[in-house]
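This report concerns only the one structure given below.
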Amino acid sequence: MTPQNKAAAGRRPKTGDAANAKQEQLGGYTAEPAARLTTNQGVQIPDNHNSLKAGVRGPTLLEDFILREKITHFDHERIPERAVHARGSAAHGYFQVYKSMSQFTCADFLQDPAVKTPVFVRFSTVAGSRGSADTVRDVRGFAVKFYTQQGNYDLVGNNIPVFFVQDAIKFPDLVHAVKPEPHHEMPQAASAHDTFWDFASLMPETTHMLMWAMSDRAIPRSLRMMEGFGVHTFRFVNARGESHFVKFHWKPKLGIHGLVWDEAQKIAGKDADFHRRDLWEAIENGAFPEWELGVQIIPQDKEHSLGFDLLDPTKLIPEEMVPVQKIGKMVLNRNPDNFFAETEQVAFHPGHVVPGIDFSNDPLLQGRLFSYTDTQISRLGGANFHELPINKSVCPFHNFQRDGMHRQTIARGQVAYEPNSLGSGSEFRVDGSSGGFQSFPEELEPPKVRRRSPSFDDHFTQARLFFNSQSAAEKEHIIAAFRFELSKLEVPAIRQRMVDNLAHVDEKLARRVAESLGIGAPDAKAAAGRAGFRDHRITMAVEESPALSMADTGDGSVRTRKVAILVADGVDSASLKPIREAIEQAGAQCKVVGPRLGSVTSASKRQVDVDATFANTPSVMFDAVLVPGGKEAVAALVRNGDAVHFVLEAYKHCKAICTVGEGAGLLSTLGIGADAKGAPAGVVVAATPVTNLGDNTAAQQIAHAFVAAIAKHRHWDRANIDAVPA
Ligand code: HDE
């Protein structure tokens with residue numbers, strides 16, 4: 001069984017499994033208990049604690065080949081990190097099509113609903129180094145390798161459906177601008193600095209993507225809760241050679257959810273591995289993340305019917321114009337066995353396509369087709385990276401390529417060329433009869449030019465469409481994000497240029513952003529007079545696209561949502577138990593958080609185990625907070641600064657809160673309790689007398705109301721958030 005098939009078959013195999021036995025033979029870490037530690041040549045090592053010395057207090061001998069081998073290998077353990085998307089997390093799984101797509105494509109893995117095609121998926125941030133934090137504001141990479149029977153197909157996308165620039169020749173400039181500044185290598189993994197906004201403000205084509213990057217899409221709650229997009233327009237080609245244009249979408253079953261910016265920044269310090277851990281733990285716990293693959297299909301003859309150019313990667317096709325058809329699902333069900341060998345060494349390439357999938361002339365995509373092989377050669381040390389286990393196709397490959405660094409294949413015989421008469425060569429035939437990859441014979445339009453198509457010249461209409469399609473809270477978050485980022489700039493002229501551009505998206509948006517930045521009012525005319533400004537407005541068939549908003553997405557469940565139960569000595573454990581059980585029944589995961597590890601003593605003198613402390617697992621690690629009853633416990637929480645901060649912070653971040661019995665007193669003491677109008681949005685107050693809560697029906701009702709509040713993700717309409725200190 002190949003590692004990929006293992007993924008399709010299910011979860012990580014336990015020790016003793018046949019696949020592991022194979023790994024052991026190959027020298028993996030998992031070994032039989034009797035296996036001995038050896039050198040790389042298989043020589044048994046007698047002592048792994050002491051180097052060879054001339055006398056116990058004497059110098060180490062150069063002769064010690066065991067020490068030398070170990071240290072030399074260690075010295076070379078690092079490879080260059082990816083130029084972009086350096087920080088990533090990945091998982092194995094499978095993809096299954098719902099029904100045959102043969103009408104549109106002959107791609108083998110899109111034909112038979114019974115077939116599970118193994119996949120390896122790597123999520124990433126773009127700007128940060130390998131060790132940077134997960135929750136920074138950034139685009140997320142969403143790269144899927146399908147190990148199909150016709151060869152590997154890589155869908156190398158992002159969690160945002162458009163891109164900053166229209167032509168590949170601007171990509172190095174974009175990346176140089178967003179990366180830490182060259183003179184002092186600051187800031188790490190952040191776009192809030194002068195060079196990024198200098199570039200962005202001088203390149204109005206970035207505006208649409210900037211709107212997305214300033215939205216909560218750029219600070220996902222979880223990698224499991226974000227969409228993915230192929231971004232470019234591709235082609236499906238069917239067995240008759242007919243072509244349709246296609247846009248790819250990944251729709252997460254759990255909905256699309258973001259963090260609060262303040263929360264994201266705090267998590268970056270409290271748990272820099274927040275997303276990586278979340279993905280790993282979900283899979284280890286059997287809560288396998290799922291996405292549906294969606295396609296928007298545009299017939300070849302409708303290429304020019306959209307009102308904008310589908311080759312322009314700064315444009316999306318609103319779902320209200322061309323619906324997304326869900327054609328299959330992807331399940332991630334196995335964590336990698338080894339981060340370096342799999343997540344680090346996986347090599348994606350948008351040019352890894354299979355018969356039935358072809359490219360469009362999007363000038364950004366065309367440039368990518370060159371870049372990815374080139375970068376792997378320097379990153380993975382040569383031309384043979386396709387032989388690494390994680391990159392190897394599951395179907396055999398036959399060709400006459402030979403040699404090169406780190407070659408694994410032992411090709412037999414005399415012949416490494418074609419045509420030949422010296423070898424048998426039977427499996428190396430190229431006879432054109434058995435299909436293979438056929439490029440769609442598109443007619444091209446001369447002349448050869450170094451120019452951009454005028455059909456790419458609208459830079460604001462879709463930025464406006466995106467802004468208009470957001471909920472009130474999402475709009476506020478976008479305004480706040482622009483303010484934050486631009487406030488970090490040291491050169492006011494860049495701020496001004498940026499808000500001048502924004503005035504072409506929405507006057508009010510630009511004014512609101514400018515207000516807090518100590519600069520002049522936005523000046524749309526000044527923007528229009530600048531070099532590089534192009535605004536040949538297109539007319540969109542829709543002015544709003546509800547599908548672009550993250551509000552009200554998901555299946556309404558609370559699966560894998562994390563709930564903190566705040567306890568101290570004197571907690572009412574009797575009423576807590578049935579509520580906790582009901583919440584867990586709904587799929588949420590509870591952790592008891594207290595002033596110290598170990599346990600607290602309940603009001604009825606029982607020991608309640610504590611999983612985490614207020615200090616080591618703060619509120620930003622949770623989706624919701626439950627404050628149980630117990631007079632003494634609530635009084636202790638009020639006196640504990642960390643507990644008070646915990647509750648205020650969860651409140652400020654608009655998370656669901658439930659108080660039981662005396663628990664409500666904690667909120668009132670902190671000034672965030674119910675008033676004459678009732679409890680604040682997303683706060684469930686169970687005033688039921690404590691004794692009645694032993695009754696399961698009451699507990700069910702409370703849990704039900706709390707679960708419904710958690711399922712809403714956040715309660716943005718909560719009043720007076722800004723006044724709450726946290
Ligand atoms: Fe990439 N990109 N990119 N990119 N990209 C890389 O390849 C590049 C672009 C994307 O998890 C690099 O193996 C150019 C768009 C993802 O391993 C590099 C251009 C989209 C990943 C590269 C683009 C992407 C990469 C760095 C403009 C969304 C991570 C390491 C012409 C559709 C894959 C590597 C992984 C990685 C070049 C633009 C997505 C340098 C030249 C648009 C998800 O080759």
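We count residues from 1, following the sequence as given. Whatever order the structure lists ligands and atoms in, that order sets their numbers, starting from 1. Both backbone and side-chain heavy atoms feed into the values below; hydrogens, waters and symmetry mates do not.
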Check: Can you pull the salt bridge (charged side-chain N to carboxylate O under 4.0 Å, His left out) pairs that have at least one residue in residues 168-189, sequence neighbours excluded?
Finding: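 Counting only pairs at least two positions apart or across chains, the salt bridge (charged side-chain N to carboxylate O under 4.0 Å, His left out) contacts touching residues 168-189 are Lys170-Asp173.
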
Q: Using non-hydrogen atoms of the residue, decide whether Ala347 is closer than 4.0 angstrom to ligand 1.
A: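 For ligand 1, residue contact (heavy atoms, under 4.0 Å) with Ala347 is absent.
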
Margin query: If the contact criterion is a heavy-atom separation under 4.0 Å, does Gly230 count as touching ligand 1?
Written below: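 It does, in that a heavy atom of Gly230 comes within the 4.0 Å cut-off of ligand 1.
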
Could you check atom 28 (C) of ligand 1 against the protein and tell me its nearest heavy-atom contact, residue, atom and distance included?
->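 Nearest neighbour among protein heavy atoms for atom 28 (C) of ligand 1, to 0.1 Å: Asn158 ND2, 3.2 Å.
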
Below 4.0 angstrom from a heavy atom of [X], which ligand 1 atoms are there? Numbered from 1 as shown, please.
X      : result
Ala168 : 31 (C)
Arg122 : 11 (O), 17 (O), 35 (C)
Val231 : 28 (C), 32 (C)

Evaluate the ring planes of Phe533 and His504, with Trp represented by its six-membered ring, and classify them as parallel (under 30°), tilted (30 to 60°) or perpendicular (over 60°).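 Plane angle between 30° and 60°, so tilted.
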
So do the side chains of Arg140 and Ser124 get within less than 4.5 Å of each other, counting heavy atoms only?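 No, too far: nothing below the 4.5 Å cut-off.
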
Open item on the list: Short of 2.8 Å from atom 1 (Fe) of ligand 1, name each protein N/O/S atom, waters not counted.
Closed with: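 Listed by chain and number, the nearby protein N, O or S atoms are Tyr372 OH.
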
- Using the ring pair (Phe, Tyr, Trp, His ring centres under 6.0 Å) rule, pick out the option among Phe248, Phe229, Phe348, Trp291 that qualifies with Phe142.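 Of the listed options, the one satisfying the test is Trp291.
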
So among Tyr147, Phe95, Phe120, Phe146, which one has a ring pair (Phe, Tyr, Trp, His ring centres under 6.0 Å) with Tyr153?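 The option that passes is Phe146.
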
| query | Is any N or O atom of Arg82, backbone or side chain, closer than 3.5 Å to an N or O atom of ligand 1? | reply |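 Yes, since at least one N or O of Arg82 sits under 3.5 Å from an N or O of ligand 1.
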
In plain terms, say whether [X] and [Y] are close enough for a salt bridge, that is, a side-chain N and a carboxylate O under 4.0 Å apart.
X      : Y      : value
Lys251 : Glu319 : yes
Arg235 : Glu442 : yes
Asp134 : Arg276 : no

Exercise for review: To the nearest 0.5 Å, tell me how far His459 NE2 sits from Asp535 CG.
Suggested key: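 Output value for this atom pair is 8.5 Å.
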
Report the part of [X] (side chain from C-beta onward, or backbone N, CA, C, O) that has a heavy atom under 4.0 Å from ligand 1; answer both or neither where that applies.
X      : answer
Leu364 : both
Gln376 : side chain
Phe142 : backbone

| request: State whether the number of non-hydrogen atoms from other residues, nucleotides or ligands found under 6.0 Å of Ile79 atom CD1 is greater than 12. | output: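 It does: Ile79 CD1 has more than 12 such atoms within range.
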
Asn335 versus Leu279, closest heavy-atom pair with distance: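 Between these two residues, the closest heavy atoms are OD1-O, 4.3 Å.
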
